[in-house]
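Working notes, structure below.
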Amino acid sequence: MEIAEPPGWPRTPAEAEAVQDALRPRLDLRGPGPRRPATVAGLDVSYAGDGHDTGAPLAAAAVVLATATLEVVASSVATGTAAFPYVPGLFAFRELPALLDALRGLPAAPDVLVCDGYGLAHPRRFGLACHVGVLTGLPAFGVAKTAFVGEWEPPGERRGDSGPLLLDGAEVGRVLRTRDGVKPVFVSVGHRMDLDTACALTLALTPEYRLPETTRRADRLSRDALR
DNA sequence: GCGACAG
DNA sequence: ATCTTGTCGC
């Protein structure tokens, strides 16, 4: 798929925040999410050695699944190096260059992008899923494995149970149980999506495991590409 | 000021 | 994120 090259990549935290502020006006949080997405792409990045080092070798993967059958219909990998230090809140800049390269390798644009991390549930309300969504123009949301910001209460123990992730009184995400009695995941919208649709899609992508099949496939592909 | 902090 | 042994359970 085609993706316009961003103006430039930041090298310092201050520059990174400036980029976020420049992209923020392009965020589309209106209206419902995609009606009936035929395909969903999972994105993930794996590192060699210490994932904190700048310059660490990495591999980014994009795996497209048919929403109905969860079968892989396309995939792409891109290797590179971490061009930005790991800074909670700015970690999108570490993975973005390689992730966009991986997406460019796809034969066609998927209907939705699922990121391994956060969207609006972010200190500056602009996590990885927001960057990816704005830069590709595609609907995007994030599914994170651990808490980052906001207040929340553990949801019920059954798959499908959920509760709000609140930041300053606003629901910026949802804590969702994808498996009975298993630690919940944190879902938040990135671009051209609504929370209900994002949570419904997350459940559709987790018929067997806690994490979405999309991110599981992308994780395996990126990890394999590293060796 | 101190600690916590997606991957 | 990655580095690792053993262990519990379907």
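Chain letters run A, B, ... following the sequence lines, proteins first and then strands; every chain starts at 1.
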(request) Treat a base pair as Watson-Crick or G-U wobble with both distances under 3.5 Å, then lay out DNA chain B in dot-bracket form, 5' to 3', with | for cross-strand pairs. (result) .......
(request) Name the orientation class of the two ring planes belonging to A:F186 and A:W152 (parallel below 30°, tilted from 30 to 60°, perpendicular beyond 60°). (result) perpendicular
(request) Examine B:dA6: is either OP1 or OP2 under 4.0 Å from a nitrogen or oxygen in the side chain of A:K145? Give yes or no. (result) no
(request) Can you tell me which stems involve DNA chain C, if a stem is defined as three or more consecutive Watson-Crick or G-U wobble pairs, both distances under 3.5 Å? (result) none
(request) Write down the distance between CG (A:L43) and C1' (B:dG7), rounded to a whole number of angstrom. (result) 13 Å
(request) On the 0 to 90° scale, with breaks at 30° and 60°, tag the A:F148-A:H122 ring pair as parallel, tilted or perpendicular. (result) perpendicular
(message) Is the base of B:dG7 stacked against the aromatic ring of A:Y86, taking ring centres under 5.5 Å apart and planes under 30° as the test?
(response) yes
(message) Looking at every heavy atom in both A:F141 and A:V112, which two are closest together, and how far apart are they?
(response) CE2-CG1, 3.8 Å
(message) I'd like to know if the side chain of A:R174 pairs up with that of A:S188 as donor and acceptor (distance under 3.5 Å, no hydrogens or angles considered).
(response) no
(request) Side chain of A:H52 only, please: which of C:dT2, B:dA6, B:dG7 is the nearest? (result) B:dG7
(message) Can you tell whether the side chains of A:D180 and A:R158 come within less than 4.0 Å, N to carboxylate O?
(response) yes
(message) For A:F93 together with A:H131, are the ring centres under 6.0 Å from each other?
(response) yes
(request) Taking only the side-chain heavy atoms of A:D44 (C-beta and beyond), determine which of B:dG7, B:dC5, C:dT2 contains the nearest atom. (result) B:dG7
(request) Select one nucleotide: of C:dT2, B:dA6, C:dC3, the one nearest the side-chain heavy atoms of A:P88. (result) B:dA6
(request) Scan A:V114, A:L43, A:L205, A:V63 and name whichever one has a side chain to side chain contact (heavy atoms under 4.5 Å, CB included) with A:T215. (result) A:V114
